[in-house]
Amino acid sequence: MTATIVDGKTVAAELREELAAQVTAMTSDGIAAPSLSVVLCGDDPASAIYVRNKGRAAERAGVRFTLHRPPAESTTDELAALVRSIDADESVDGILVQLPLPAQIDEDTVMACISPEKDADGFHPYNFGRLAEGHPAVVAPGTPLGCMELLRRSGVTVRGSRAVVVGRSAIVGRPLALMLVNADATVTICHSRTRDLASVCKEADILVAAIGRPRMIDASYVKPGAFVIDVGTTPQDGVVVGDVDRESVEPVAGWLTPVPGGVGPMTIAMLLRNTLALARARRALVQV
Ligand code: GUN
């Protein structure tokens, strides 16, 4: 067996076109286009690239994009005041504060200044809580949404399957496990303290690697025919490396999302979907 390589780049491009068509339909009805405001604070080069890509994708989809660049030496209070002012701006539908923030800034304080109705990342505790209850809000974190969309578009039956998520972060592992449960999978969350990790992973019909340890998952972790999702993105010698050892896993898995070109491009498409969903919800509220 050789795994089918899941082409996230192409799926994400299709999604962005679908979203662009929905934005065009919205604006031709005389409704304002969705707007996304991004706050980029600090000098992290990877963050600058991510934000540039988000801006390009937004503009191509017809989403109004505004970039705020507060100084790297901003204080928590200054950044919180900026985010509060963006949140209060009626013309803004979605806000994203690019992480990580500089070390002197308290991330939780700043993120708490984004209201759930403008939470383009889907990180707000209210939106996370809705997902945990099994009644998702209009938005959810983009990377796990992207993983679910890749499963859906690959025609995989999630209901009744065994899913193992390796990694318990608040922005990938935990929300993805909840999405899989909500889609009727039987889900196990593993982490650095899990005993006999390989044998747990080997039970998985759907195996998600979101650990941040380059090439850790080899064939000994993979059930033949499994759908393997690689969320890892560790920079190494100028290239981005996933958590899955592709050479080892490809002959065993049924499907494999590659790095790069798998989950990564889906995250931005899902950010745009979230922004459009927030705009629709806000317009509906305004029209009531
Ligand atoms: N930094 C890396 N990925 C993300 C993301 O999806 N959202 C935000 N806000 N920051 C990030």
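Because the structure is a prediction, the values reported are computed rather than measured. Each ligand, and each atom within it, is numbered from 1 in the order the structure gives.
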Is any side-chain heavy atom of M26 less than 4.5 Å from a side-chain heavy atom of P34? yes

Record the part of V97 in heavy-atom contact with ligand 1 below 4.0 Å; permitted values are side chain, backbone, both and neither. backbone

L99 contact mode with ligand 1 (heavy-atom cut-off under 4.0 Å): both

Is V240 linked to V172 within one hydrophobic cluster, defined over Ile, Leu, Val, Met, Phe, Trp and Tyr using a side-chain heavy-atom separation of less than 4.5 Å? no

Would you say S115 and D87 are linked by a side-chain donor-acceptor pair, where the criterion is simply a distance under 3.5 Å? yes

Give a yes-or-no answer on whether the side chains of D77 and T75 include a donor-acceptor pair shorter than 3.5 Å. no

For atom 3 (N) of ligand 1, grab the closest protein heavy atom and report residue, atom and distance to one decimal in Å. Q98 NE2, 4.3 Å

Considering only non-hydrogen protein atoms, determine which one is nearest to atom 7 (N) of ligand 1 and report residue, atom name and distance to 0.1 Å. D121 OD1, 3.1 Å

So if I count the atoms of ligand 1 from 1 in the order they appear, which ones are less than 4.0 Å from some heavy atom of L96? 9 (N)

For a side-chain contact (heavy atoms from CB on, under 4.5 Å) with V165, tell me which candidate from L180, I211, L207 qualifies. L180

